[in-house]
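Convention: sequence-line order gives letters A, B, ...; per-chain numbering from 1.
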Amino acid sequence: MGYRVLVIDDDEEIARLVTVLLKGADWICLWAGTGESGWTQALAAAPDVILLDLNLPGIGGRELCGRIKSEPRLSRVPVIISSADHREVRACLLDRTMAADDFLVKPFEGEVLLARLKKAVGQAG
Amino acid sequence: MKRPPESPRARAAIFAAYVALSLAYLGWRAGYAMNWLYPVYSVVFLAAETACILASFFFYAMIVRRSERDDPGPPPPGWSVDVLLATYNEDPALLRRSAVAARDMDYPHRTFLCDDGRRPAVEALAAELGIGYLTRSDNAHQKAGNLNHALSRTSGEFVLFLDADHVVRRRCLTRVLGHFKDADVALVQTPQVYYNIDSFQHYVSPLRRRYWHEAVLFHHMMQPGADRMNAAYFLGTGGVLRRAALESVGGIATGSVTEDVYTSMRLHARGWRSVFVDEPLGYMMAPDTPAAYMGQRLRWAQGSMQILRKENLATMPGLTLWQRVCYFNWLAGFLISYVYLLFYLAPGIYLFAGVSPVAGDLKVVAPVVAARIALALLTYKALAAPHARLFLAECFNMINAPVYIRASAALFSTREIPFRVTPKGSHGGLTGWIFLPLAFLFLLNLSAVGMGLLRLSAGDPHALPTLMSMLFAAYFSVGSALALLHVYERRIVSEAFAFPVSLPSAVRLRGGASVPARVGRLEFERAYVFCGRDFEPGECLLLDMSAIGGDAAVLADVLGSAASVDPELPNEFVLKLRLLSLAPEQRDAIDRYLFETGLPAFLSNFDEGPELGARPEQPLDLDSIRGFFHVRSEIM
């Protein structure tokens with residue numbers, strides 16, 4: 001059985017892109033459009049990697065990342081922050097308490113995203 | 001510091017010997033070496049040789065001695081100065097760079113963006129930077145009209161004119177204004193020094209410490225030479241003019257697309273003096289593609305033809321003899337391309353048709369012609385040093401010839417010529433009229449060499465002239481082949497020039513860890529960084545450039561990386577980074593560093609470069625960036 005990636009992003013295009021990229025790789029792509037639904041799905045689906053947008057309606061990406069990393073069932077799941085907000089990403093990198101495993105700045109190349117996802121599950125494995 | 005020692009007497013002696021021997025050669029050619037079997041061709045060729053030699057006389061007369069001006073000292077306080085930055089369609093980001101530099105010059109002044117494009121974004125930029133914004137309802141007389149309109153709306157006693165891509169150094173006004181203590185001085189012009197040293201017209205090799213560009217002789221030899229004769233030209237940018245002088249000639253001259261030369265000609269004719277300060281007080285963009293380069297040269301040549309058509313240099317009142325010589329040299333110099341074209345065709349004409357413009361006893365003709373060529377080469381090497389790059393100059397003569405020949409139509413045409421702004425940034429393309437003439441020259445001369453081989457193998461009774469023609473044909477075919485390659489390679493520019501620097505920095509990682517690094521090339525959008533750790537594409541990091549000043553931890557992601565092949569840096573990687581979080585103030589700080597420190601330090605390394613005599617506060621050792629140039633092709 002392949003890996004499961006949970007995309008938490010209010011832009012559904014990102015989830016579509018991931019689906020296309022992972023086509024043929026036996027991965028499953030799940031999508032949540034808000035922080036709350038993302039949290040619920042993360043608990044229910046136990047994904048292998050989470051691609052998390054910073055600017056989400058409801059619970060923001062930074063807070064959600066903290067919740068995920070504090071939850072014993074999810075703390076080992078790699079979280080990749082992805083955002084087009086450069087200042088927010090910069091702030092996250094400077095924040096030593098930020099527990100994300102990786103960062104991606106939008107826009108990104110599909111190949112780059114795929115490589116980061118694979119590396120994340122490789123690390124987790 | 002690096003200019004070779006010059007003896008004025010030795011240079012004058014070389015020039016005198018060149019003139020005497022060249023005249024003797026012409027006398028010999030006309031009297032003893034004409035081929036009267038083909039009288040028209042022979043006479044035309046002799047006329048071409050004569051024109052070429054006369055042009056070289058004018059050229060060497062200009063450069064044999066250059067002005068050596070004493071520092072006039074700082075200007076007195078209280079002079080009113082306006083800085084007019086002309087723009088039409090340039091990118092506001094490019095304009096910001098120039099406008100901030102203009103605003104921040106150290107002598108008190110007012111800066112205006114003169115926008116002939118009537119763009120709200122440019123008006124907003126002026127408001128943000130706290131500088132003036134001037135525009136008008138039409139574009140009459142193009143750039144000259146734009147500047148005259150701005151002059152009518154301002155009142156400064158002195159006016160610095162700048163093009164949209166001209167980034168001045170802080171001390172620019174302080175260095176040039178002092179010359180206006182002489183009340184007869186109307187113009188102080190500075191050279192055009194280009195920062196994008198990978199442009200179409202550049203040949204710069206940091207590894208070999210070579211620096212040359214197509215206009216280097218003009219800016220650092222001809223202008224200082226013209227200055228000695230009170231004939232330095234206004235170049236439309238980087239020049240300060242006295243308003244009273246400008247008003248005495250009716251403002252910036254209209255009626256030519258090279259309004260700058262025309263204006264200085266009128267100033268000189270009114271008895272005003274000019275000064276050339278051969279000091280890099282600002283940096284510009286050179287045309288980076290063949291199309292941009294050709295467009296600019298076409299405009300210059302067409303503008304010169306317009307002036308030649310309108311003004312009679314021989315009778316124009318007020319000019320001195322040397323001023324006439326200098327202006328003639330500049331304005332009519334474009335026409336020498338007809339002569340070059342004939343020279344490029346001559347070997348083929350002989351080898352295919354057996355028609356030679358020269359005849360006589362081969363035992364005399366061959367050594368005399370060889371001696372004449374040697375004389376021309378040695379004189380060029382001696383008097384044009386350190387900028388004498390014969391083969392490069394020949395390649396560009398080939399590239400320029402079709403443009404200048406095309407422009408010569410303006411000598412007879414009264415049709416208005418549109419002012420084409422030289423494009424900046426990503427652009428390019430190749431049109432037939434750039435490519436085809438070079439391809440023709442290449443094929444003609446290459447096949448002429450082949451024809452010569454056939455003739456020799458068939459027992460040619462005139463082996464020596466055949467061999468000499470083959471040598472010329474081979475030389476021209478190699479030159480045109482390299483010119484073709486150069487035109488093809490540079491046809492498109494997709495990324496802005498990244499400045500060579502050596503900036504200590506650090507790569508900061510998540511969690512506070514930090515890896516020492518060094519920025520090797522830098523632009524707004526990207527940086528090339530030496531680092532002891534490799535990164536994967538897409539990885540995010542913070543590039544700490546606090547050496548520039550302020551909080552300069554810039555968010556970046558990795559676009560690519562390559563292992564350093566520099567043996568002195570065996571464990572280093574070169575990272576290509578995309579800079580993501582530059583605030584406008586950070587961009588301004590980077591610009592200040594690049595243009596005040598980084599670029600002067602880089603250029604000062606070249607023995608032939610524009611920073612001769614400069615003593616940068618932080619010299620940049622080329623060895624420190626060698627590794628970058630080794631690997632750049634892998635990741636750029």
* Structure fact -> When every non-hydrogen atom of B:Cys540 is compared with those of A:Val105, the smallest separation belongs to SG-CG2, 3.4 Å
* Asked: Should we say atom CD of A:Glu111 is surrounded by more than 12 heavy atoms from elsewhere, each under 6.0 Å from it?
  -> no
* Region of B:Ala556 in contact with chain A, defined by heavy-atom distances below 4.5 Å -> neither
* Structure fact -> Shortest non-hydrogen pair, B:Ala583 vs A:Arg87, comes out as CB-NH2, 3.9 Å
* Which atoms of A:Ala99 come close to chain B, meaning under 4.5 Å heavy atom to heavy atom: side chain ones, backbone ones, both, or neither? -> neither
* To do: Show your working on side-chain contact (heavy atoms from CB on, under 4.5 Å) between A:Arg90 and B:Val554 and close with a plain yes or no.
  => CA-CA 8 Å; A:Arg90 182 175 179 272; B:Val554 179; 5.9 Å; no
* To do: May I ask you to name which of B:Leu509, B:Leu542, B:Asp557 has the most heavy-atom pairs under 4.5 Å with chain A?
  => B:Leu542
* Structure fact -> Distance col, row B:Glu539:CD vs A:Leu104:CG, nearest 0.5 angstrom, shows 9.5 Å
* To do: With rounding to the nearest 0.5 Å, note down the distance linking CD in A:Glu88 to CG in B:Leu555.
  => 11.5 Å
